[in-house]
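Report on one structure; see the data block that follows.
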Amino acid sequence: MNTQEPPIISDSLNGRRALVTGGSKGMGAAIAARLAAAGALVMVTARHWVEMADPSLFVVADVRTPEGTRAVVEAVHQRLGGLDILVNTVGGSNAGPGGFRAMTDAQWQADLDLNLLGAVRLDRALIPGMIAAGFGAVVHVTSIQRRLPLFDATLGYAAAKAALTTYSKALATEIAPYGVRVNTVAPGFTQTAGAGGLIERIATGQQISHEAALQQVMDSLGGIPLGHPAQPGDVAEMVAFLVSDRAGSVTGAEFVIDGGTIPTV
């Protein structure tokens, strides 16, 4: 009879090189901080400069554009020499209220570039290095709106996140044989500056109070059974797990962090 204890799998990310897009605030900043705390060397990219302890690990770039993507890829190769972890956190929408009638071609393209195509371009440029190394972990931050879309102000965002989820599943299947894992994290209503911006746009567009706009969003989602919105740190903890060796057999999965908003059977 074998009484040997099973080995303990470490959650340490020591020696791992990571890139977090949209890492200057909100969920992205929380994720970057959590990975760094676990020992990873973390590069952050965002459209606007923020102060960091090591400025060489911050890249000002707009990943909505091919040019911005190229700038990030060049920085990764020059400063990190490649990647072990890629977390695509960038997302959001500046579209106003009004549903499908109000969405212009430009707004549709902007939402697709920000919430889908930026991740696709970075994956295409950076995952081949992981495949060559036979190791890597990718996480795409999506949204529960891919299942519960809010048509009034985030229709394009919801559609793009749904596309990102489908793409992620196919990507996970394609590259799993090479030792590279891909998973998605789908937050529900989370207390971030982006969520606050959505509330303000709805309030302004409908000429209602901030509190009424917040309640409208909560009601449209069906409420939060747990009783409170998620925090950026909740998402960061899930991402840290998924990119660690503890999740070594997890790929092609979606993890929802919504306080019970999405009904399940």
Side-chain angles (χ1 to χ4, degrees), residues 21-22 26-28 30-31 87-103 107-108 110-120 123 138-173 181-192 194-199 201-202 213-239 241-242 247 250-265:
T21 69
M27 282 185 281
I31 291 168
V87 184
N88 282 303
T89 310
V90 164
S93 176
N94 290 318
F100 81 96
R101 294 180 180 87
M103 286 286 290
Q107 288 169 333
W108 271 108
D111 280 352
L112 289 169
D113 285 334
L114 180 60
N115 298 288
L116 171 65
L117 296 178
V120 170
D123 289 348
V138 179
V139 175
H140 292 148
V141 177
T142 61
S143 169
I144 64 168
Q145 284 204 53
R146 72 106 173 166
R147 295 173 63 183
L148 291 174
L150 303 178
F151 65 84
D152 186 43
T154 55
L155 177 59
Y157 168 83
K161 289 299 191 183
L164 181 61
T165 302
T166 301
Y167 157 74
S168 300
K169 180 63 177 179
L171 179 64
T173 302
R181 300 181 296 106
V182 182
N183 293 289
T184 60
V185 174
F189 192 80
T190 307
Q191 287 187 327
T192 65
L198 167 63
I199 301 304
R201 291 199 303 276
I202 292 175
L214 173 60
Q215 189 61 50
Q216 184 180 114
V217 171
M218 300 282 282
D219 291 345
S220 66
L221 289 171
I224 303 176
L226 197 57
H228 59 79
Q231 299 297 317
D234 300 331
V235 180
E237 287 298 328
M238 178 57 72
V239 172
F241 164 72
L242 289 173
V250 180
T251 194
E254 177 185 51
F255 293 83
V256 176
I257 304 175
D258 69 351
T261 295
I262 294 181
T264 56
V265 179

Residue pair [X] / [Y]: nearest heavy atoms and the distance that separates them:
{"X": "Ala30", "Y": "Gly233", "result": "CB-N, 4.2 Å"}
{"X": "Met27", "Y": "Pro187", "result": "SD-CG, 3.7 Å"}
{"X": "Ala160", "Y": "Leu112", "result": "CB-CD2, 4.0 Å"}
{"X": "Gly156", "Y": "Trp108", "result": "CA-CZ3, 3.5 Å"}

Got a donor-acceptor contact below 3.5 angstrom from the [X] side chain to the [Y] backbone?
{"X": "Arg181", "Y": "Ala247", "value": "yes"}
{"X": "Thr190", "Y": "Gly188", "value": "yes"}
{"X": "Asn183", "Y": "Gly252", "value": "yes"}
{"X": "Lys161", "Y": "Val141", "value": "yes"}

Within the 4.5 Å heavy-atom criterion, are [X] and [Y] side-chain neighbours or not?
{"X": "Arg147", "Y": "Thr165", "result": "no"}
{"X": "Leu164", "Y": "Asn115", "result": "no"}
{"X": "Asn88", "Y": "Asp123", "result": "yes"}
{"X": "Phe189", "Y": "Thr261", "result": "no"}
{"X": "Leu114", "Y": "Tyr157", "result": "no"}

Checking [X] now: which residues fulfil side-chain hydrogen bond (donor to acceptor under 3.5 Å, both in side chains) with it, not counting sequence neighbours?
{"X": "Thr21", "value": "none"}
{"X": "Thr89", "value": "none"}
{"X": "Asp234", "value": "none"}

With rounding to the nearest 0.5 Å, note down the distance linking [atom1] in [X] to [atom2] in [Y].
{"X": "Leu116", "Y": "Thr166", "atom1": "CG", "atom2": "OG1", "answer": "9.5 Å"}
{"X": "Ser93", "Y": "Gln145", "atom1": "OG", "atom2": "CD", "answer": "9.5 Å"}
{"X": "Ile257", "Y": "Ile144", "atom1": "CD1", "atom2": "CD1", "answer": "11.0 Å"}

On the 0 to 90° scale, with breaks at 30° and 60°, tag the His140-Tyr167 ring pair as parallel, tilted or perpendicular.
parallel

